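To keep things clear, I will list the structure first and then write my remarks on it.
Keep in mind the model is a prediction, meaning the values are calculated, not measured. Values reported hereafter were calculated over all heavy atoms of this structure, with side chains retained and with hydrogens, waters and symmetry mates removed. Residue numbers run from 1 in the order of the sequence given.
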Amino acid sequence: MKKAMEFDLQLQTEECLRSAAAAVKEIDGLPWKGGSEGNLDYECLRAELRKMAPPNGRAVLLFRARCGCPIAKLEGWGTKRCRRHKK
């Protein structure tokens, strides 16, 4: 268990993503975990992340090194909620 990878889960709302805080920019710069988009092992995880994500937001699973530094990410975007146009 000592060599097990640590991870962290973050739910980011639409407002958080729009503000483009320093934490959001740091996460966007991380490499994507899972190799190719069609990797079945990670696709199951991404499906669960999509269920947890807020509308127009995202759920990010951060993989961390033993020191606590983030080294990779796996993200799932929430459902797109359309804005209503006023006439």
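Between atom CG of residue L45 and atom CZ of residue F7 there is a gap of 9.0 Å, rounded to the nearest 0.5 Å. Of the inter-residue distances, the one linking E15 atom CD with N56 atom CG reads 9.0 Å to the nearest 0.5 angstrom. Taking CZ of R46 as the start and CH2 of W77 as the end, the distance is 11.0 Å to the nearest 0.5 Å.
The existence of a salt bridge linking R50 and E43 is confirmed by a sub-4.0 Å separation between a basic side-chain nitrogen and an acidic carboxylate oxygen. A salt bridge between D28 and R58 is present, with a side-chain N of the basic residue lying under 4.0 Å from a carboxylate O of the acidic one.
In this structure, E6 has no side-chain hydrogen bond (donor to acceptor under 3.5 Å, both in side chains) partners at least two apart in sequence or on a different chain. For T79, the side chain to side chain contact (heavy atoms under 4.5 Å, CB included) partners are P55, not counting sequence neighbours. Shown here are the side chain to side chain contact (heavy atoms under 4.5 Å, CB included) partners of C69, two or more places apart in sequence or in another chain: C67.
The minimum heavy-atom distance linking A59 with A53 is given by the pair N-CB, 3.6 Å.
Looking at L62 and I27, their side chains come closer than 4.5 Å, going by heavy atoms from C-beta outward. When side chains are defined from C-beta on, K73 does not count as touching L61, because their heavy atoms never get closer than 4.5 Å. At a threshold of 4.5 Å between non-hydrogen side-chain atoms, the residues L9 and V60 do not count as touching.
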Evaluation steps, side-chain contact (heavy atoms from CB on, under 4.5 Å), between I71 and L30: CA-CA 7 Å; I71 55 173; L30 291 173; 5.9 Å; no

